[in-house]
Amino acid sequence: MFKKILIANRGEIACRVAATARKLGVRTVAVYSDADANARHVLACDEAVHIGASTPKESYLRGDRIIEAARATGAQAVHPGYGFLSENEEFAQACADAGLVFIGPPPSAIKAMGLKAESKRLMAKAGVPLVPGYHGAGQDPVMLRTEADRIGYPVLIKASAGGGGKGMRIVTRAQDFDAALASCKREAINSFGDDAVLIERYVTRPRHIEIQVFGDAHGHCVYLFERDCSVQRRHQKVLEEAPAPGLSAARRAEMGAAAVAAAQAVGYVGAGTVEFIAEPTSDGDLRFFFMEMNTRLQVEHPVTEAVTGLDLVEWQLRVACGEPLPLQQHELRIHGHAIEARICAENPDAQFLPATGRLDVYRTPPGAVNFERGALAGVGASSAPVRVDAGVREGDSISPYYDSMIAKLIVWGADRAQALARLDAALAQMHIVGPHTNVAFLRRVAASASFANADLDTALIERERAVLFNAEPLPLEVAAAGVVAHALAAERALETADPWSRRDGWRLHGSATRRFDIEAQGTHHIFRLERNAGTQTLVLGTQRWPLATAARGGALYDVGLGERRWALTVYATGERFSVFAPEGSAVVFEFDPIAHSADGAVETGGLLAPMPGKVIAFLAKAGDVVTQGQPLAVMEAMKMEHTIAAPRDGTIEAVLYAVGDQVGEGGELLRMAPA
């Protein structure tokens, strides 16, 4: 076994690799950028080396600096994690040239599978079924449009060197092809340094099913079953589960054999994932097609660990040391069901715009295993039912330089029904305050009829749009009761033995009334708390609720509101109150109306950047007359492109930034005059 390895990545995957290395007695070296100087992964390793500025191009994509750090610290091998340089054959070769073991497949395999078009040609030779499409080397836009017309719409344009949903567009009409191709190529060159694309028939009700494969240097290759990753937004995975619901044992074996054939066709060594697109057949089975092979560990690998009881990072290290695979195919089994939810800093109700900011509160489900508590081979029958993989701590900030994922929540159950119940309970106990997150959205997805009944395909989120977006949070009066409970507990904490210090609202005659100005979802509400002879009543207009509150300690309160009882967790950050309950959560503001009466926020009327990022393109110029909803600008943030539309009708008065400029959140991109 290695004595020391360098982890050429950041965030939760760097922490994940360090945890297994620690278990095996292997010392670790972290690398970090300016933005990550105090990051969790830096503290998780035995040593750390600074490799550059905050942007990936100046740090985590600098293979030369990473290799220099490995040699300077005496590391014997480099683990690339996923993303960044994990699928870069030049980096893998540079490691070998420097006398370092690359903990991954040989450069030849990365190259063969890295270019999607070339990999399709290899798979056709290996007898792996393919989606009809164009996988050639020609990239003339007119020729590509002709190929799309030949295939028939809808088609999928996909970056040949791509992955993770980047450089991918669905085109349903011929007249939209040119604009989609240009955007796809632009995103591909920014993400992968290569704007080549392929075009395929878009399967209209596709399921995304992938097979985990593992090969060693002795010619052995096995598949560790499948994961269903069909629930996606913007071509990026949201929920993943293993095993795939409804997949027959015969089809599982067939897909596993095809995945092994794909890996063996390129002499694969290490962990890899063969991804298939599947569609239902008339007899209720699934027809599957090869989509791509990711030549690395996947973000969703914990669900495979959960149902197999294996530590896939340990397998990676052992195979990289030249050991044979620990198990053969006939020794592998599936135990129970596991689901992973990707918790991201983003706003689902604003087209999943990424969010940034400080994690004022970051609390995980009680009893969940994590890197400090020994979460190495996942959760399962012999371990805890909930696991959280994260590269952040409370107080850390989500920056605009990297992807938006905060953590991964993994649950295990004896069957899918139990796993679903545990997922909902665990999501309810994920308390994050600061930037927008998708936690409440994930709960709604998991509870939707389609997901609950395993009616899965990549359009599930769009199909369930009515119940997933702009959903009502906790009832307003419950959120207000949480604010009141927090305020009363703060007052009681100031009481002493002196009876004059009591804050219980006692009056010799009549009742005491206290006003609470609550803003929820942009609307101002005036609540009143009436206290009379030991009773309390919460009042909103003509509505009245008997109120009882008791502090349990910390941020937890027992609240009786009318005939119902609630266990509310309330976090106050300035005027913002985040209220969590088992049924849901809400964010409200409680403010002093006198202090706010002088506020005079001036409406600029301009187009504002909804997140920090880089300007990619302006789609209008000074003097143009535009209409509400018209695309006006394209920004890149967290490695994805985002189109920003006009908030109202008007005329462009001035363009205030240039293409390539960095813009802070709220920056005015364009100045507009009203129509």
Is it the case that atom CD in Glu254 sees more than 12 heavy atoms from other parts of the structure closer than 6.0 Å? yes
Rounded to the nearest 0.5 Å, the CG atom of Asp195 sits from the NZ atom of Lys185 at a distance of 4.0 Å
Sorted by chain and residue number, the side-chain contact (heavy atoms from CB on, under 4.5 Å) partners of Asp64 (sequence neighbours excluded) come out as Arg62
The single option from Glu292, Glu210, Glu300, Arg227 that satisfies side chain to side chain donor-acceptor pair (under 3.5 Å) with Thr273 is Arg227
Handout entry: Heavy-atom side-chain proximity of Asp424 to Arg443 below 4.5 angstrom
Key = yes
Quiz item: Going through the distances and angles, do Arg205 and Asp455 end up as a salt bridge (Lys or Arg N to Asp or Glu O under 4.0 Å)?
Solution: CA-CA 10 Å; Arg205 287 217 56 183; Asp455 182 14; 3.1 Å; yes
Hits for ring pair (Phe, Tyr, Trp, His ring centres under 6.0 Å) against Phe177, two or more places apart or cross-chain, chain-then-number order -> none
One should read off an interatomic distance between Leu409 CG and Arg387 CZ, to the nearest 0.5 angstrom, of 11.0 Å
Within the structure provided, determine whether Ser448 and Leu460 are in side-chain contact (heavy-atom separation under 4.5 Å).
yes
dist Glu464:CD -> Arg444:CZ (nearest 0.5 Å) comes out at 12.0 Å
**Prompt:** Where do Arg234 and Glu346 land on the salt bridge (Lys or Arg N to Asp or Glu O under 4.0 Å) test, with the steps shown first?
**Reply:** CA-CA 13 Å; Arg234 306 181 77 170; Glu346 63 185 18; over 6 Å; no
dist Arg252:CZ -> Phe225:CZ (nearest 0.5 Å) comes out at 7.5 Å
query: Any chance NZ of Lys111 has more than 12 other-residue heavy atoms, nucleotides or ligands included, within less than 6.0 Å?
result: no
Residue set satisfying ring pair (Phe, Tyr, Trp, His ring centres under 6.0 Å) with Tyr60, at least two apart, ordered chain then number -> Phe84, Tyr402
*asked:* In the structure I gave you, are the side-chain heavy atoms of Gln298 and Lys237 within less than 4.5 Å of one another anywhere?
replied: yes
Side-chain contact, heavy-atom cut-off 4.5 Å: Pro647 with Gln628?
-> no
Sorted by chain and number, sequence neighbours left out, ring pair (Phe, Tyr, Trp, His ring centres under 6.0 Å) with Tyr202 holds for none
Given the ring of Phe451, does Arg416 sit roughly above its face, with NZ or CZ under 6.0 Å from the centre of the six-membered ring and within 45° of the axis? yes
Residues passing the side chain to side chain donor-acceptor pair (under 3.5 Å) test with His208, sequence neighbours excluded, are Gln232, Glu275
With sequence neighbours left out, the residues meeting ring pair (Phe, Tyr, Trp, His ring centres under 6.0 Å) with Phe469 are Phe352, Phe441
d(Gln662 CD, Tyr657 OH) to nearest 0.5 Å is 10.5 Å
